[in-house]
J.: 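Dropping the structure in here first, questions after.
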Amino acid sequence: MKVYQSNEIKNISLLGSAGSGKTTLAEAMLFEGGIIKRRGTVDGKNTVSDYFPVEQEYGYSVFSTVFHVEWMNRKLNVIDCPGSDDFAGSAITAINVTDTVIMVINAQYGIEVGTQNMFRYTDRLHKPVLFAINQLDNDKADYDNIVEQLHENYGGKVIQIQYPISCGTSFNAMVDVLKMKMYHWKPEGGVPEVTEIPAGEMEKAQDLHQKLIEAAAENDEALMEKFFDRGTLNEDEMREGIRKGLIARGMFPVFCVCAGRDMGVRRMMEFVGNVAPCVNEMPDPVTNDGKEIAPDPAGPTSLYFFKTTVEPHIGEVSYFKVMSGKVREGDDLININRGSKERLAQLFSVAGQIRNKVEELVAGDIGATVKLKDVRTGNTLNEKGCEYLFDFIKYPEPKYRRAIRAVTEADTEKLSEILTRMHEEDPTWIIEQSKELKQTIVHGQGEFHLKTLKWRIENNDKIMIEYLEPRIPYRETITKTARADYRHKKQSGGAGQFGEVHLIIEPYVEGSEPQPVYKFNGQEYKISMRDVQEYNLEWGGKLVFVNSIVGGSIDARFMPAILKGVMDRMEQGPLTGSYARDVRVIVYDGKMHPVDSNEISFRLAGRNAFSQAFKQANPKILEPIYDVEVLVPGDRMGDVMGDLQGRRAIIMGMSSEKGFEKLMAKVPLKEMSSYSTSLSSLTGGRASFSMKFASYELVPSDIQEKLLKEYEASQQDAE
């Protein structure tokens, strides 16, 4: 393979909802580009993209697949992405490292939630988009309705490049209003017959051609002047205007394809080869310290690793984009993230499992290498002396969580290593070793996302695992002031143990100060603050510890031990064993023994005095509340809202967003356990949601009673 320069490389993502036909389109592109001699099918389990066993088992794309074709003296690097919302991480990665998005739309279903979600990501990253309306031979295909949907959602920027003569099983021809020609296919598809536009279609074609000229002219002042002078633009001028419109997101061209029969694919690839921007025409990527880095082959070598897979008989395959400079086989580079040195013994240009060795890749190109020692997804490798660091991919918050454990306890350590590796392959699998919950929690994008993880561990790594309902990270706090004292005394021959602590606790509110006098049962307790220590707790909230000892009733050297005792109980709250927060503790009196007092005595006395006071201070349990945003078709809004209200949700607002309803709510984490599954069931998979931690709020009294009883029962069982 020749070495392609930055102005000859085009990086493209294939995006769209599940079932839109991206994998089939990828197969047709590979066939047209000569990479494969025969097109595979998803049903036949022989496509270039879905080659992992888990994908063939489920019939879904689970991973993004990188492939390339050499086309019109250009190199097209393409990343075929999963359509399921559960695997959005792959799509987000692809959008970040490519320059143009082909958004594939199923001609039967039109714009779906997945289309909306992916388009929103392209908007945030300001990436060019063209729409490919696929499966036009489906008997329920409705091209005109989809174009209308596109205009409703994305406005006048949607410009038709092509339209079909007819849809459904009779689809075999389309009119291209850029070339002003008709393309006609035989039943087997492939290379079309290009003819003049029939007289019956000429008026419609000329109208769309004029709209295309006007849209192209709008994106460049020089072209606009030519348009005003001549009233038209030639084909090359139109291409230039469309390219500038794509880059500025001022135009979203629409194409017709039937990927399953290889109709329209070649023409769309011609357009991409001619018009889509090359790497050097897009805005420069930015390093972590805000420096713009041009894709300059003469610059220092810098690679960004965006994807890792583990493949049978090979091991780790690491995919990278050359951000700057050139990389050659045998180059030694420095991992800026980890400080280690790596040698790139082999370089490949890939197409799924097909790997073609190359000697050199230049800035903007995408390639792969194998058997690196210490490179993880998201790492940057530089030549010596270069300090570039890229970390530009921001993944969505997780939406589904489960506790995970090995069925056989002996496999626990091995499972931990596997989970770490899985996270490196897919950063949206987040692994949390929760000391608080005493569980390993796996966070993901949905039930299918975690189901895929389970399948891979059990089938590839041969470890049986099970998912459990994760515990909820409740918090405990108090709502009123209380007082307690506790004497710890133990005599066992020789030196004994003795410590007595008197303390007051009260709710801590930011900016508040202790009172000078507290009153309990008619008795006053005067406070004289000698020392105040504030602790920001790692689990949220504060502990404020006040030393108010006068007259030397407790020696200052025992105060740290009392604090440790209090912290023991903060880490395992008296109500349910959950973390406690937002408490002020005032130690105002106590007693000690000249011989028997020691640190352990005061630690135990402090812990027990705090526990007693806590239970008298009208304690409450707090639960985590999440901000939830649901994007739902209007006809399912009532069902979704009713379901949320049944989950103790507080509806915060509603709005319309490009054909869908957006619902904002605050929902307890406890109620979100299987929400992704329920939402999919309620809406036929046509809705999506996101969730993000908001705050801790008091649980209702009936739920608190239930939690207290459950904890009490669990403590009895443990005894």
Side-chain angles (χ1 to χ4, degrees), residues 17-19 60 83-88 109-118 120 153 396-403 428 430 441-452 467-474 621-707 710:
S17 291
Y60 276 99
S84 169
D85 201 34
D86 281 25
F87 302 100
Y109 300 117
I111 294 179
E112 300 175 79
V113 167
T115 316
Q116 291 280 48
N117 289 341
M118 290 301 108
R120 197 179 294 116
N153 281 270
E397 295 286 334
K399 298 182 285 195
Y400 191 84
R401 58 196 286 274
R402 283 291 179 267
T428 58
I430 298 172
I441 308 293
V442 180
H443 303 259
Q445 292 297 307
E447 183 180 21
F448 185 44
H449 196 204
L450 265 62
K451 184 180 176 185
T452 303
Y467 285 135
L468 308 166
E469 192 75 19
R471 301 181 184 112
I472 302 297
Y474 292 109
I621 298 172
L622 304 169
E623 64 180 338
I625 304 295
Y626 277 67
D627 284 325
V628 176
E629 192 174 284
V630 188
L631 202 62
V632 59
D635 60 336
R636 301 298 176 93
M637 182 69 160
D639 294 338
V640 171
M641 188 179 293
D643 178 70
L644 278 172
Q645 287 169 337
R647 297 173 185 273
R648 297 193 283 128
I650 299 173
I651 306 299
M652 304 302 292
M654 292 173 281
S655 63
S656 295
E657 185 175 304
K658 297 177 180 175
F660 289 81
E661 299 299 319
K662 185 159 72 172
L663 189 60
M664 287 81 76
K666 289 190 179 292
V667 192
L669 178 62
K670 172 72 174 172
E671 306 295 338
M672 293 297 292
S673 175
S674 299
Y675 185 64
S676 63
T677 310
S678 299
L679 183 65
S680 180
S681 176
L682 278 172
T683 64
R686 294 166 59 213
S688 71
F689 78 102
S690 61
M691 57 187 284
K692 189 174 184 180
F693 173 75
S695 60
Y696 270 91
E697 304 292 342
L698 295 173
V699 302
S701 55
D702 59 326
I703 294 176
Q704 175 155 327
E705 283 300 314
K706 184 181 175 186
L707 291 171
E710 286 174 357

J.: Listed by chain and number, what are the side chain to side chain donor-acceptor pair (under 3.5 Å) partners of Asp639, not counting sequence neighbours?
T.: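 Side chain to side chain donor-acceptor pair (under 3.5 Å) list for Asp639, sorted by chain: empty.
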J.: Run the salt bridge (charged side-chain N to carboxylate O under 4.0 Å, His left out) test against Lys451 and tell me which residues pass, sequence neighbours left out.
T.: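 Salt bridge (charged side-chain N to carboxylate O under 4.0 Å, His left out) list for Lys451, sorted by chain: empty.
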J.: What's the separation between atom OH in Tyr675 and atom CG in Leu682, rounded to the nearest 0.5 Å?
T.: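 The CG atom of Leu682 is 7.5 Å from OH of Tyr675, to the nearest 0.5 Å.
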J.: Output all residues satisfying salt bridge (charged side-chain N to carboxylate O under 4.0 Å, His left out) with Asp635, sequence neighbours left out; order by chain, then residue number.
T.: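 For Asp635 the salt bridge (charged side-chain N to carboxylate O under 4.0 Å, His left out) partners, ignoring immediate neighbours, are Arg686.
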J.: Please enumerate all residues that pass side chain to side chain donor-acceptor pair (under 3.5 Å) together with Ser673, with sequence neighbours excluded.
T.: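 Only Arg402, Glu469 meet the side chain to side chain donor-acceptor pair (under 3.5 Å) criterion with Ser673.
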J.: For Asp627 versus Ala694, what's the shortest heavy-atom pair and its separation?
T.: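 Heavy-atom minimum between the residues: OD2-CB, 3.6 Å.
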J.: How would you list, by chain and number, every residue that makes a side-chain contact (heavy atoms from CB on, under 4.5 Å) with Lys662, sequence neighbours excluded?
T.: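 side-chain contact (heavy atoms from CB on, under 4.5 Å) check on Lys662 returns Glu629, Leu631, Ser655, Glu657, Met664.
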J.: What salt bridge (Lys or Arg N to Asp or Glu O under 4.0 Å) pairs are there with at least one residue in residues 692-707, not counting sequence neighbours?
T.: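 Found none.
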J.: Where do Phe693 and Glu397 land on the side-chain contact (heavy atoms from CB on, under 4.5 Å) test, with the steps shown first?
T.: CA-CA 9 Å; Phe693 173 75; Glu397 295 286 334; over 6 Å; no
J.: Can you spot which of Leu707, Leu669, Ile621 makes a side-chain contact (heavy atoms from CB on, under 4.5 Å) with Ile472?
T.: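 Among Leu707, Leu669, Ile621, the one that satisfies the side-chain contact (heavy atoms from CB on, under 4.5 Å) with Ile472 is Leu669.
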J.: Under the criterion side-chain hydrogen bond (donor to acceptor under 3.5 Å, both in side chains), I'd like the reasoning laid out for Glu447 against Thr677: C-alpha separation, chi angles, the key distance, then a yes or no.
T.: CA-CA 7 Å; Glu447 183 180 21; Thr677 310; 2.6 Å; yes
J.: Output all residues satisfying side chain to side chain donor-acceptor pair (under 3.5 Å) with Ser678, sequence neighbours left out; order by chain, then residue number.
T.: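 Result, side chain to side chain donor-acceptor pair (under 3.5 Å) vs Ser678: Arg647.
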J.: In sequence, state the C-alpha distance, the side-chain angles, and the governing distance for Gln704 and Leu698, and then conclude on side-chain contact (heavy atoms from CB on, under 4.5 Å).
T.: CA-CA 9 Å; Gln704 175 155 327; Leu698 295 173; over 6 Å; no
J.: Do the side chain of Ser680 and the main chain of Ser676 share a donor and acceptor less than 3.5 angstrom apart?
T.: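 A pair under 3.5 Å: no.
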J.: Return the minimal non-hydrogen interatomic distance between Glu112 and Phe660, and the atom names on each side.
T.: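 Reported closest heavy-atom pair: C-CZ, 3.9 Å.
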J.: Given Leu644 and Val630, is the side-chain contact (heavy atoms from CB on, under 4.5 Å) satisfied, shown in steps?
T.: CA-CA 10 Å; Leu644 278 172; Val630 188; 4.3 Å; yes
J.: To the nearest 0.5 Å, tell me how far Leu679 CG sits from Phe689 CZ.
T.: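 Taking CG in Leu679 and CZ in Phe689, the distance rounds to 7.0 Å.
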J.: Are there more than 12 heavy atoms of other residues, nucleotides or ligands under 6.0 Å from atom NZ of Lys666?
T.: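 Yes, enclosed.
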J.: For Ala665 and Ala649, work out which heavy atoms get closest and say how close.
T.: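 Closest approach of Ala665 to Ala649, heavy atoms only: CB-CB, 4.3 Å.
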J.: Among all residues two or more places apart in sequence or in another chain, which pass the side-chain contact (heavy atoms from CB on, under 4.5 Å) test with Gln645?
T.: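 In terms of side-chain contact (heavy atoms from CB on, under 4.5 Å), with neighbours along the sequence ignored, Gln645 is linked to Met641, Ile651.
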J.: Which residues pass the ring-ring contact (aromatic ring centres under 6.0 Å, His included) test with Tyr400, sequence neighbours left out?
T.: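 Checked Tyr400 against ring-ring contact (aromatic ring centres under 6.0 Å, His included); zero matches.
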J.: Are the side chain of Tyr626 and the backbone of Met672 linked by a donor-acceptor contact shorter than 3.5 Å?
T.: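 No.
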J.: Can you tell me how far the OG atom of Ser688 sits from the CG atom of Asp86, to the nearest 0.5 Å?
T.: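 One finds 11.0 Å between OG of Ser688 and CG of Asp86.
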J.: Could you tell me which residues satisfy side-chain contact (heavy atoms from CB on, under 4.5 Å) with Ile430, sequence neighbours excluded, listed by chain and number?
T.: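 Per chain and number, Ile430 pairs via side-chain contact (heavy atoms from CB on, under 4.5 Å) with Pro398, His443.
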J.: Would the distance check show the side chain of Ser17 and the main-chain N or O of Thr115 forming a donor-acceptor pair, the cut-off being under 3.5 Å?
T.: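 Yes: the side chain of Ser17 pairs with the backbone of Thr115.
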J.: Residues in side chain to side chain donor-acceptor pair (under 3.5 Å) with Arg648, at least two apart?
T.: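 With sequence neighbours excluded, Arg648 shows a side chain to side chain donor-acceptor pair (under 3.5 Å) to Glu623, Glu671, given in chain and number order.
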J.: Partners of Asp85 by salt bridge (charged side-chain N to carboxylate O under 4.0 Å, His left out), sequence neighbours excluded?
T.: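 So Asp85 forms a salt bridge (charged side-chain N to carboxylate O under 4.0 Å, His left out) with Lys399.
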